[in-house]
Amino acid sequence: MLRAAAPADVPRIAALYAGLSADSFRRRFHSSRPKPVLLARLARIDVAPGAVSLVAVAPGPQERLVAEARYVPDAEDSGELALVVLDEYQGLGLGRLMLSALMDHARASGLERLSAVVSLSNNTMLRLLTRRGAALAEPADECLVVCLEIATAGGMPGWPRASAGQRVLVERRGWFANREVAALRAAGHEVRQCGGPDRRSGRPCPLVADGRCRLAEGADRIVTLLPGDDADCVAVTEAHRRLWPGKVTRGTTHPPPSGNVPR
């Protein structure tokens with residue numbers, strides 16, 4: 001059963017965290033397991049106004065929690081999400097259900113975007129968000145974590161209401177910033193990176209599939225760095241040039257062939 005967490009669930013959430021394997025705990029919190037007193041603090045659901053926690057309860061009299069998903073608003077139109085599933089319940093689709101429920105709740109609360117800080121070693125979460133049309137808001141840092149954004153309504157996310165500098169959409173694969181992306185960020189622009197469609201990971205392109213891309217619509221510039229030997233990526237680039245010819249520029253960094261590019 002999925003439901004909103006109540007104050008009485010906080011000890012159960014702490015027990016859920018304590019029951020995670022070391023790897024699962026590190027993927028969720030980017031650290032090793034702390035002492036019980038800190039674990040209890042992490043389980044709190046009243047961390048900020050508007051914060052929401054959803055829990056999955058296994059059948060039984062003790063109401064054992066087997067998964068939790070939460071978001072904390074960080075702006076008028078956005079929040080930061082996180083979710084975790086107990087090891088023995090992983091691989092059953094529970095994370096996907098929890099994320100869908102969390103997106104529905106956030107959308108009903110007026111939030112347009114949710115972001116997540118994800119380790120590059122957390123392939124399950126990366127794949128889950130990528131299939132939701134995630135855009136790369138911040139490339140990988142020295143700790144090998146990235147920040148991804150999704151739209152609560154599905155499809156590509158839009159732009160923050162208060163954006164600094166130009167809104168630059170970079171169509172490029174890879175988790176790390178190249179010199180061109182780094183220069184755009186250093187110049188104070190709001191940069192979002194989209195890896196384009198990828199059949200192997202199940203990532204669609206909403207512009208090609210549904211005729212709409214919020215990032216492209218709201219961008220001041222579109223820099224294309226997608227591989228030219230991928231027919232799906234070529235279709236995206238052609239759609240951009242057809243719909244927004246004044247926005248599109250070809251990146252100066254030559255993209256490698258699609259088979260050599262990390263998704």
Side-chain angles (χ1 to χ4, degrees), residues 1-75 77-129 131-132 134 143-150 152:
M1 179 178 67
L2 273 71
R3 60 170 172 79
D9 288 314
V10 171
R12 298 188 184 101
I13 296 174
L16 166 64
Y17 294 167
L20 295 170
S21 67
D23 286 342
S24 291
F25 191 93
R26 185 174 295 105
R27 286 194 294 267
R28 165 62 176 86
F29 293 101
H30 312 290
S31 69
S32 57
R33 197 187 316 276
K35 295 181 179 180
V37 62
L38 181 54
L39 209 60
R41 294 177 186 174
L42 294 174
R44 289 176 51 189
I45 61 175
D46 59 347
V47 292
V52 170
S53 171
L54 305 178
V55 293
V57 185
Q62 296 182 339
E63 287 205 340
R64 182 191 184 202
L65 302 189
V66 298
E68 188 231 6
R70 64 172 62 197
Y71 70 77
V72 178
D74 56 13
D77 59 339
S78 66
E80 182 175 340
L81 75 89
L83 67 87
V84 68
V85 178
L86 201 62
D87 289 69
E88 62 197 86
Y89 285 83
Q90 293 175 10
L92 303 176
L94 187 52
R96 174 176 50 82
L97 294 175
M98 297 292 288
L99 180 60
S100 294
L102 197 69
M103 292 168 62
D104 290 342
H105 199 293
R107 182 171 63 254
S109 299
L111 300 184
E112 299 172 359
R113 294 171 293 107
L114 291 175
S115 65
V117 177
V118 186
S119 168
L120 292 184
S121 65
N122 191 348
N123 292 322
T124 300
M125 192 66 173
L126 292 173
R127 184 167 56 251
L128 183 65
L129 295 174
R131 290 178 175 174
R132 293 285 182 172
C143 296
L144 300 182
V145 298
V146 295
C147 179
L148 299 176
E149 283 184 341
I150 59 174
T152 59

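From a predicted model like this one, the values you see are computed outputs, not experimental measurements. Residue indices begin at 1 and follow the sequence shown.
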Legend entry - Set of side chain to side chain donor-acceptor pair (under 3.5 Å) partners for Arg44, sequence neighbours left out: Asp46
Inset, instruction - Identify, with sequence neighbours excluded, every residue that meets salt bridge (Lys or Arg N to Asp or Glu O under 4.0 Å) alongside Arg64. - result: Glu88
Legend entry - Test side-chain contact (heavy atoms from CB on, under 4.5 Å) applied to Pro36 - qualifying residues, sequence neighbours left out: none
Legend entry - Closest non-hydrogen atom pair, Leu16 against Leu65: CD1-O, 3.7 Å
Inset, instruction - Using a 4.5 Å cut-off on heavy atoms from C-beta on, say whether the side chain of Arg70 contacts that of Ile13. - result: yes
Inset, instruction - Mind jotting down which residue pairs meet the ring-ring contact (aromatic ring centres under 6.0 Å, His included) criterion with at least one end in residues 36-73? Sequence neighbours excluded, please. - result: none
Inset, instruction - Applying side-chain contact (heavy atoms from CB on, under 4.5 Å), name anything that partners Thr152, two or more places apart in sequence or on another chain. - result: Ala106, Arg107, Leu114
Legend entry - Listed partners of Glu80 passing side chain to side chain donor-acceptor pair (under 3.5 Å), at least two apart: none
Legend entry - 4.5 Å side-chain heavy-atom contact, Arg132 and Met103: yes
Inset, instruction - Give the C-alpha distance, both sets of side-chain angles, the deciding distance and a yes or no for side-chain contact (heavy atoms from CB on, under 4.5 Å) between Met125 and Arg27. - result: CA-CA 9 Å; Met125 192 66 173; Arg27 286 194 294 267; over 6 Å; no
Legend entry - Sub-4.5 Å side-chain heavy-atom contact between Val145 and Val118: no
Inset, instruction - Measure across Ala5 and Ile45 and return the closest heavy-atom pair with its distance rounded to 0.1 Å. - result: O-CD1, 3.8 Å
Below 3.5 Å, can you tabulate the donor-acceptor pairs from side chains in residues 48-60 to any protein atom, sequence neighbours excluded?
{"residue": "Ser53", "atom": "OG", "partner": "Glu68", "partner atom": "OE2", "Å": "2.8"}

Legend entry - For Ser115, all residues meeting side chain to side chain donor-acceptor pair (under 3.5 Å), sequence neighbours excluded: none
Legend entry - Heavy-atom pair with the smallest gap, counting every atom of Phe25 and Pro34: CZ-CD, 3.1 Å
Inset, instruction - With sequence neighbours left out, write down each residue that passes ring pair (Phe, Tyr, Trp, His ring centres under 6.0 Å) with Tyr17, or none if nothing qualifies. - result: Phe29
Legend entry - Contacts of Asp23 that satisfy salt bridge (Lys or Arg N to Asp or Glu O under 4.0 Å) - sequence neighbours left out: Arg26
Inset, instruction - Return yes if some donor-acceptor pair links the side-chain N/O of Ser109 with the main-chain N/O of Leu111 below 3.5 Å, else return no. - result: no
Legend entry - Least distance between heavy atoms, Leu94 atom then Ala67 atom: CD2-CB, 3.7 Å
Inset, instruction - Could you tell me the separation between the CG atom of Leu81 and the CD atom of Glu149, rounded to the nearest 0.5 Å? - result: 10.5 Å
Inset, instruction - Could you list the residues that satisfy side-chain contact (heavy atoms from CB on, under 4.5 Å) with Ala6, not counting sequence neighbours? - result: Asp9
Inset, instruction - Measure the CZ-CG distance between Arg33 and Leu42 for me, rounded to the nearest 0.5 Å. - result: 11.5 Å
Legend entry - Min side-chain heavy-atom separation Leu20-Asp87 under 4.5 Å: yes
Inset, instruction - Identify the two heavy atoms, one from Ala40 and one from Ala14, that lie closest to each other, and give their separation to 0.1 Å. - result: CA-CB, 4.4 Å
Inset, instruction - Output the distance between atom CG (Leu2) and atom CG (Leu102), rounded to the nearest 0.5 Å. - result: 10.5 Å
Legend entry - Closest non-hydrogen atom pair, Leu128 against Leu83: CD2-CD2, 4.2 Å
Legend entry - Side-chain heavy-atom pair Gln90, Thr124 within 4.5 angstrom cut-off: no
Legend entry - Pairwise distance OG(Ser78) to CD1(Ile150) - rounded to 0.5 angstrom: 12.0 Å
Inset, instruction - Report the residues that fulfil side chain to side chain donor-acceptor pair (under 3.5 Å) with Arg28, sequence neighbours left out, ordered by chain and then residue number. - result: none
